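Here the structure is a predicted model, which means the values were calculated and not measured.
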Amino acid sequence: MSSRRTETGGRIDRLRTIRFTFDGAPYAGHAGDTLASALLASGVTLFGRSFKYHRPRGLLAAGVEEPNALVTVLRGDVREPNIPATMVEIYDGLVAVSQNRSPSLAWDISALNQLGGKVLSAGFYYKTFMGPVIGPLKGTRFWMFCEHFIRRAAGLGRAGTAPDTSRYERMNAFCDVLVVGSGPAGLMAAKAAADQGARVILAELEARFGGSANWSGETIDDAPAADWAGRLVGQLEGNDNVRLLPRTTVWGYYDGNTLAALERVTDHKEVAARGEPRQRYWAIRAGTVVLATGSFERPLVFPGNDRPGVMLAHAAERYANEYAVLPGERTVVFTNNDSAYRSAVALKKAGAAVVAIVDVRSDVSSEMSRLASEADAELLAGHAVVATEGGKALTGLKVQRFDLTSGALSGDERSIHADCLAMSGGWSPTIHLASQAGARAEWDPGRQAFLPPQPTQRWIGAGAFTGSFSTAEAIAEGRAAGLQAAGGTASLAPLPVVEAVPGDPDPAPVFEIKAKGKSFVDFQHDVTAEDVRLAHREGFVSVEHLKRYTTLGMATDQGKSSNVPGLAIMAEALGKPIPEVGTTRFRPPYTAVSIGSLAAERFGDLKPERLTPMHDWHIENGATMYSAGLWYRPMIYGLAGETVEQAYVREAKATRESAGIVDVSTLGKIAVQGPDAAEFLDRVYTNMFSTLAVGKARYGLMLREDGLAFDDGTTWRLGEQDFLMTTTTANAGKVMQHLEYFLDVIWPELKVTVTSVTDEWAGAAIGGPKARAILAACVKGTAVDNAALPFMGIVHGEIASVPVMICRLSFSGEMAFEVYSGAGYGTRVWEALIEAGKPFGLVTYGLEALGTMRIEKGHVTGAEIDGRTTARDLHLDWMLSKKKPFIGSAMMDREGLIDSDRLQLVGLVSLDNRPFNGGAHVVEELDEANPHGSIGHITACCYSPALGKYIALALVKGGKARHGTRAFVSDPLRNRFGPIEIVSNHFYDPDGSRMHG
């Protein structure tokens with residue numbers, strides 16, 4: 001392979017040589033090279049194999065839209081597959097391998113798939129493997145036989161199994177103006193906004209700021225465009241109110257002008273500096289966003305357009321101007337627009353022989369004819385490329401006369417020897433983020449492209465993003481956008497002067513050249529023009545159905561170059577204009593995002609860890625922690641030598657005899673506010689809340705729409721229009737979603753806002769016979785006696801000079817109080833309560849003791865509210881109001897939900913003095929050899945210090961009617977069998993005298 005590196009030019013550092021390997025072979029490049037440019041400079045033309053046919057594929061693009069040249073990067077045993085070689089910056093020691101081939105890239109046995117012809121056309125797996133009768137392989141059996149082989153062939157790169165030892169970070173950022181893209185438009189927008197004093201973030205997905213200025217070859221203010229961009233970046237770097245983020249892809253646009261970005265911090269380094277993460281995930285909340293994301297050049301669809309050596313014209317120009325690499329020695333340019341003529345001139349200046357410019361338009365302007373002459377290229381106007389030749393590299397092509405109006409070919413084919421074909425089918429603005437922000441893209445018949453939708457959030461477009469493809473327009477729009485975003489007035493300063501090759505930005509409406517042979521639309525997934533027409537013939541005419549049936553636009557590049565040609569071909573088949581066919585909706589992420597970056601500091605955990613404000617105190621004071629949902633909570637505060645059972649029995653016993661305190665910060669807390677808040681709660685809960693007095697709380701039950709129990713908790717009325725709802729810890733998120741759904745969808749007319757405030761409050765529940773005395777010893781500003789603070793009453797006061805809100809309610813069955821303070825003061829209030837409780841024998845207790853006391857009292861939790869039980873099953877039918885409708889009231893009396901034989905809540909007492917296990921079955925007749933005949937199951941169990949027995953709560957058929965009867969526990973998995981007595985679920989203080997005082 002001969003070198004294609006030019007002797008001069010480019011923006012690489014020729015004094016610094018970098019060595020790397022690709023498929024085990026050693027190569028060298030220079031600082032500033034990508035893996036794609038370095039390999040191309042070494043004469044490599046074969047980069048990958050296509051997904052389905054395993055056809056040889058070379059470089060198509062030079063940026064993030066590259067569909068063909070996907071590689072796997074190896075760092076030790078860690079593999080990262082499916083990375084475009086165009087986005088891999090080379091570094092010493094880089095190890096990259098090709099994908100989707102066996103045994104090698106040059107000789108791939110799966111290339112035999114090309115012989116499959118129409119058998120492997122779009123949707124072949126639906127039609128081929130679903131029902132043919134071949135001997136015993138009938139119906140789905142044939143699919144089951146083939147499935148193993150199909151799944152082995154699926155995918156591109158192979159994921160690794162070694163653990164990723166890299167570190168990831170997560171950052172939150174706030175700015176007045178976020179500029180996405182650092183081409184001429186983005187740089188001008190950032191500069192204009194910064195000059196107005198706005199806080200600016202400029203994000204650029206490439207390593208080098210400047211965008212097209214780095215390779216356009218244009219002149220701005222009498223300097224090369226790249227130098228002009230460099231100066232502007234230098235000025236921005238000197239501003240304290242500007243943050244520059246190179247190698248940062250803004251990949252998601254969400255509500256409230258919140259955008260997600262991924263910064264590749266050390267992917268381009270052999271060794272990360274101390275403390276550097278591999279990648280950093282940014283959550284950016286912007287006042288206004290300037291979208292200067294540019295545009296993508298589209299390929300033309302014609303037979304053989306996927307052969308290695310066929311690439312986009314701007315990519316060929318970029319390789320020559322930015323990386324000093326000639327894509328070929330003899331180049332042909334094929335176009336339907338003027339922009340490719342600039343590419344031809346650039347390639348000529350770089351040293352390539354531009355053999356011909358093939359233009360589908362017969363009427364080419366005199367200016368373009370002059371540029372063709374400047375490139376020393378034969379101008380073949382009114383012609384089209386109809387075929388290419390070669391195997392793993394392009395060796396030639398064929399052209400024929402083409403009628404722009406009818407699309408017909410005529411005359412004899414002419415062969416041209418060439419090793420590079422640079423094609424241009426027009427430009428598509430990169431509107432992905434705008435589409436994610438909301439609204440549908442708008443078709444522009446002049447540009448033959450979808451332009452951004454009307455903004456539904458605070459964003460402003462500039463440059464090629466808006467369809468303004470000239471640098472002069474981009475600069476003007478960029479400055480205007482920056483000023484508008486920062487709230488400034490129009491500037492009177494002169495705009496930079498641009499010297500550029502002229503040209504008409506509107507392409508001819510030609511997307512496909514119909515000739516004999518496979519013409520590819522989606523290069524990576526091997527979707528051909530005929531596949532699109534097949535989808536039409538088989539009834540898949542919706543753009544979304546087309547996408548899924550053919551997999552068009554579902555590759556790793558997400559159709560960045562293939563979408564519009566595919567839609568155009570479908571529109572022609574339907575006989576409709578393109579805007580009527582529409583376009584698929586762009587969804588985040590814009591490019592692939594590593595799961596490690598999303599997890600960030602939590603990388604390695606299956607779920608995030610939530611810690612209460614008192615977490616450190618619990619650890620320092622000997623608590624054994626365990627996860628309860630997403631939260632970490634104390635299980636026990638064990639003494640030396642204690643078992644878990646001994647610890648929780650001690651804690652529960654001491655609470656009932658004196659007093660105990662438990663951290664309840666994890667309870668879900670939702671602020672429900674507004675003129676219709678009380679009415680809303682009446683509809684949400686089964687019982688009344690509009691009659692609740694200010695300064696009082698009430699226990700409430702929610703049902704699902706199907707009449708089954710959903711959640712329980714208390715709601716406190718803090719003002720006429722101000723309620724604080726508490727939910728179970730596990731269900732907090734689900735309840736919030738439940739409330740938001742009904743407000744947004746079912747009752748949008750209600751004037752109510754709901755806000756999750758779980759993390760705003762620290763909570764401590766103090767209960768036991770001496771609980772009131774402990775509070776009286778430390779609470780200031782309010783009395784806590786029975787008159788001031790009756791059952792379910794609320795008072796406001798201070799503890800340790802911290803404002804607190806206290807509600808008298810109980811989950812333990814003892815007189816108890818919940819004390820809430822601001823989360824930041826949680827530990828201070830907690831320690832003050834403990835100090836005040838020392839003379840009274842106050843103990844701290846964990847979830848095990850809390851669960852023990854709630855089982856003794858018969859309270860229900862998520863173990864009993866399991867999505868299958870009703871209010872009646874749980875003996876909560878006294879809470880079902882007969883004065884109002886509520887969610888679930890229409891369905892709760894269905895025949896199956898009021899059957900007397902349903903599972904109902906009961907208590908169980910062990911008659912053999914052995915512990916129970918959760919989930920064990922209850923049976924009427926014991927058969928250890930053949931366990932059967934379950935009439936229910938245990939939901940929660942413990943040793944009861946109050947009763948001196950092992951007890952449990954259970955759901956048993958016809959439970960209430962069985963009180964006082966005997967049965968058996970049957971737990972074959974844990975070999976636990978034995979006699980039990982079925983009793984009421986209220987084991988302890990059934991009349992509530994201890995709780996009410």
- For the pair Glu218 and Arg342, find out whether any cationic side-chain nitrogen is under 4.0 Å from an anionic carboxylate oxygen. yes
- Item | Any side-chain heavy-atom pair of Leu202 and Phe209 under 4.5 Å | yes
- Query: Between the side chain of Glu66 and the main-chain N/O of Leu60, is any donor-acceptor distance below 3.5 Å?
  - Reply: yes
- Would Asp759 and Arg610 pass as an ion pair if we require N to O under 4.0 Å? yes
- Message: Once side chain to side chain donor-acceptor pair (under 3.5 Å) is applied, what residue pairs with a partner in residues 474-484 remain, sequence neighbours excluded?
- Response: Thr466-Glu477, Ser468-Glu477
- Task: Return the minimal non-hydrogen interatomic distance between Ala485 and Val290, and the atom names on each side.
- Result: CB-CG2, 4.0 Å
- Minimum heavy-atom distance Gly9-Ala324, with the two atoms named: O-CB, 3.5 Å
- Query: Is the backbone of Ala194 close enough, under 3.5 Å, to the side chain of Asn241 for a donor and an acceptor to pair up by distance?
  - Reply: yes
- Item | Nearest-0.5 Å distance, CG of residue Leu630 to CD of residue Glu609 | 10.0 Å
- Query: Would Asp227 and Arg231 pass as an ion pair if we require N to O under 4.0 Å?
  - Reply: no
- Value rounded to 0.5 Å, distance of CD1 in Ile18 from OH in Tyr91: 11.0 Å
- Task: Using only heavy-atom distances, determine whether the side chains of Thr288 and Arg458 contain a donor-acceptor pair under 3.5 Å.
- Result: no
- Item | Main-chain N/O of Gly467 paired with Ser295 side-chain donor or acceptor, under 3.5 Å | no
- Assess whether side-chain contact (heavy atoms from CB on, under 4.5 Å) is satisfied between Leu187 and Leu236, documenting all intermediate values. CA-CA 9 Å; Leu187 289 176; Leu236 292 171; 4.2 Å; yes
- Note on the structure: Rounding to 0.5 Å, atoms OG1 (Thr591) and CE (Met87) come to a distance of 7.5 Å
- Check ion pair Arg280-Glu169 (N to O, under 4.0 angstrom): yes
- Task: State, with a plain yes or no, whether a side-chain heavy atom of Thr583 is found less than 4.5 Å away from one of Asn563.
- Result: yes
- If you measure from OG1 on Thr293 to CD1 on Ile431, what distance do you get to the nearest 0.5 Å? 9.0 Å
- Query: Got a donor-acceptor contact below 3.5 angstrom from the Asp33 side chain to the His30 backbone?
  - Reply: yes
- Item | Parallel, tilted or perpendicular: ring planes of His432 versus Phe296, cut at 30 and 60 degrees | perpendicular
- Qualifying residue, where the test is salt bridge (charged side-chain N to carboxylate O under 4.0 Å, His left out) with Glu276 and the options are Arg264, Lys269, Arg167: Lys269
- Query: Distance from Arg278 atom CZ to Asp164 atom CG, nearest 0.5 Å?
  - Reply: 6.0 Å
- Would you mind checking if Lys734 and Glu740 are paired as a salt bridge, meaning a charged N to carboxylate O distance below 4.0 Å? no
- Item | Non-hydrogen side-chain atoms of Val289 and Leu259 separated by less than 4.5 Å | yes
- Have Asn172 and Arg285 got a donor and an acceptor in their side chains that come within less than 3.5 Å? yes
- Message: Pair Glu65, Thr430 - check side-chain contact (heavy atoms from CB on, under 4.5 Å), show working.
- Response: CA-CA 11 Å; Glu65 73 273 30; Thr430 308; over 6 Å; no
- Item | Any Gln436 side-chain heavy atom under 4.5 Å of Arg587 side chain | no
- Message: Please find the pair of heavy atoms, one from Ala286 and one from Leu178, that lie closest to each other, and give the distance.
- Response: CB-CB, 3.8 Å
- Test item: side-chain donor near acceptor, Thr248 and Glu263, under 3.5 Å: no
- Taking the six-membered ring of Phe586 as reference, does the NZ or CZ atom of Lys560 fall below 6.0 Å from its centre and within a 45° cone about the axis? no
- Under 6.0 Å from the CZ atom of Arg585, do we count more than 12 heavy atoms belonging to anything else shown? yes
- Message: Looking only at the side chains, is there a donor atom on one of Gln524 and Asn68 sitting less than 3.5 Å from an acceptor on the other?
- Response: no
- Message: If you compare all heavy atoms of Ser343 against all heavy atoms of Ala313, which two are closest, and at what distance to 0.1 Å?
- Response: OG-O, 3.4 Å
- Arg298 (side chain) donor-acceptor with Gly425 (main chain) under 3.5 angstrom: yes
- Message: Would you call the rings of Phe465 and Trp459 parallel, tilted or perpendicular, taking 30° and 60° as the class edges?
- Response: perpendicular
- Of all residues at least two apart in sequence or in a different chain, which pass the ring pair (Phe, Tyr, Trp, His ring centres under 6.0 Å) check with Trp443? Phe450
- Query: So, do Pro452 and Glu442 sit near enough that their side-chain heavy atoms are less than 4.5 Å apart?
  - Reply: no
- Does any N or O in the side chain of Asn239 come within less than 3.5 Å of the main-chain N or O of Val242, such that one atom is a donor and the other an acceptor? no
- Give a yes or no answer on whether the side chain of Asp176 reaches the backbone of Arg199 with a donor-acceptor pair at less than 3.5 Å. yes
- In plain terms, say whether Glu760 and Lys669 are close enough for a salt bridge, that is, a side-chain N and a carboxylate O under 4.0 Å apart. no
- Task: Might you work through the side-chain hydrogen bond (donor to acceptor under 3.5 Å, both in side chains) test for Glu80 and Thr72, ending with a clear yes or no?
- Result: CA-CA 5 Å; Glu80 184 167 12; Thr72 296; over 6 Å; no
- Where do Glu204 and Arg243 land on the salt bridge (charged side-chain N to carboxylate O under 4.0 Å, His left out) test, with the steps shown first? CA-CA 11 Å; Glu204 168 56 52; Arg243 184 194 294 271; over 6 Å; no
- Query: Does some side-chain heavy atom of Ser339 sit less than 4.5 Å from a side-chain heavy atom of Trp427?
  - Reply: yes
- Determine, stepwise, if the pair Ser424 / Leu312 fulfils side-chain contact (heavy atoms from CB on, under 4.5 Å). CA-CA 6 Å; Ser424 178; Leu312 295 171; over 6 Å; no
- Note on the structure: In short, Leu59 meets Ala69 closest at the heavy-atom pair CD2-CB, 3.6 Å
- Output yes when a side-chain donor or acceptor of Asp221 lies under 3.5 Å from a complementary backbone atom of Val497, and no otherwise. yes
- Message: I'd like to know if the side chain of Asn82 pairs up with that of Thr556 as donor and acceptor (distance under 3.5 Å, no hydrogens or angles considered).
- Response: no
- Are Asp506 and Gln448 close enough that some pair of their side-chain heavy atoms sits under 4.5 Å apart? no
- Mark yes or no for whether Ser597, through its side chain, and Tyr281, through its backbone, hold a donor-acceptor pair below 3.5 Å. no
- Could Glu89 and Arg247 be called an ion pair, given the rule that one side-chain N must be under 4.0 Å from one carboxylate O? yes
- Any side-chain heavy atom of Thr758 sitting closer than 4.5 Å to one from Trp631? yes
- Task: Please report the C-alpha distance between Ile284 and Thr258 in whole Å, then the side-chain angles of each, then the deciding distance to 0.1 Å, and finally whether the side-chain contact (heavy atoms from CB on, under 4.5 Å) criterion is met.
- Result: CA-CA 6 Å; Ile284 304 173; Thr258 299; over 6 Å; no
- Task: Measure up the Tyr323 and Tyr319 rings against each other and bin them: parallel (under 30°), tilted (30 to 60°), perpendicular (over 60°).
- Result: tilted
- Return yes if some donor-acceptor pair links the side-chain N/O of Glu206 with the main-chain N/O of Gly211 below 3.5 Å, else return no. no
- Query: Has Asp222 got more than 12 heavy atoms of other residues, nucleotides or ligands less than 6.0 Å from its CG?
  - Reply: no
- Locate the shortest heavy-atom distance separating Thr456 from Gly438; write the atom from each residue and the value. OG1-CA, 3.6 Å
